[in-house]
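A short write-up of the structure that comes next.
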Amino acid sequence: MQRGSDRLSVHRDDEMKHELQGLLRSGHPTRAEEWNDPEPTADDDPTIAGGPVTPGRASASLEAVRLELARILGRTSFPAGPRELIGVLREKHAPDGLVEPLERLPRTARYATVQELAEAVVHPAASPSADASEDGA
């Protein structure tokens, strides 16, 4: 019998499999103790708990969108245009609601920081990068 670096004995391993069998088959918690089940989200929980931050939501502020973009893109992605940034977001499995607004940005625009990108995504008409790219076109 090969044990390798297992922390548990064979008997404890079988016991744990038996304990999890009901959960795996049913797809929902099967414990009798209610305190041990995860608590559902409340109505007054922050918007982050309700799903990803996306520019189209009414509750998505410039700061929240900037934070989410910065979290995914990082500093090494800049300066870049929308195509490169979309590629990085898709590579890092960003939510579609965060990627789609970048697809509507002018192709020739360049963004030096995540702040410029967030402003262009949240307020497309007031973006200085979009104005500069349209003048040069």
Side-chain angles (χ1 to χ4, degrees):
M1 176 170 105
Q2 180 181 0
R3 292 288 301 147
S5 64
D6 289 344
R7 297 180 312 141
L8 306 174
S9 69
V10 175
H11 302 291
R12 179 66 181 135
D13 195 32
D14 289 340
E15 184 180 326
M16 290 177 69
K17 286 179 187 174
H18 180 70
E19 287 176 8
L20 287 174
Q21 191 173 23
L23 173 65
L24 295 174
R25 285 188 179 173
S26 68
H28 59 81
T30 57
R31 299 191 188 275
E33 298 90 12
E34 186 177 316
W35 62 267
N36 211 4
D37 289 339
E39 187 174 321
T41 58
D43 293 335
D44 60 345
D45 279 349
T47 55
I48 296 288
V53 173
T54 55
R57 282 189 174 175
S59 62
S61 66
L62 175 64
E63 291 80 17
V65 172
R66 182 185 65 221
L67 178 67
E68 191 68 12
L69 286 169
R71 185 181 66 79
I72 296 170
L73 292 172
R75 293 181 181 176
T76 58
S77 300
F78 295 96
R83 285 185 180 173
E84 295 94 350
L85 295 170
I86 289 169
V88 173
L89 288 171
R90 295 255 185 236
E91 182 180 302
K92 294 188 178 185
H93 307 288
D96 290 336
L98 197 61
V99 178
E100 289 169 356
L102 271 71
E103 294 172 347
R104 294 188 291 269
L105 295 174
R107 298 269 183 217
T108 56
R110 299 285 293 172
Y111 304 97
T113 64
V114 73
Q115 176 69 29
E116 289 180 12
L117 178 63
E119 288 173 357
V121 168
V122 174
H123 309 294
S127 172
S129 297
D131 295 338
S133 66
E134 290 171 2
D135 293 340

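In what follows, residues are counted from 1 in the order of the sequence shown. These figures come from a predicted structure and were not determined experimentally.
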Restricting to non-hydrogen atoms, name the atom on A109 and the atom on P82 that form the minimum distance, rounded to 0.1 Å. O-CD, 3.3 Å
Common cluster, [X]/[Y], ILVMFWY with side-chain heavy-atom separation under 4.5 Å:
| X | Y | answer |
| --- | --- | --- |
| V88 | V65 | yes |
| F78 | L105 | yes |
| V114 | L62 | yes |
| I86 | V121 | yes |

Less than 4.5 Å apart, side chain to side chain, heavy atoms only: is that true for [X] and [Y]?
| X | Y | result |
| --- | --- | --- |
| L117 | L102 | yes |
| L85 | L69 | no |
| E15 | H11 | no |

Please check this pair: side chain of E84 against backbone of G81, looking for a donor-acceptor N/O pair closer than 3.5 Å. yes
Interatomic distance, [X] atom [atom1] to [Y] atom [atom2] [nearest 0.5 angstrom]:
| X | Y | atom1 | atom2 | answer |
| --- | --- | --- | --- | --- |
| E91 | L73 | CD | CG | 11.0 Å |
| L89 | E100 | CG | CD | 12.0 Å |
| S77 | K92 | OG | NZ | 5.5 Å |

Run the salt-bridge test on R66 and E63 with the 4.0 Å N-O cut-off and return the result as yes or no. no
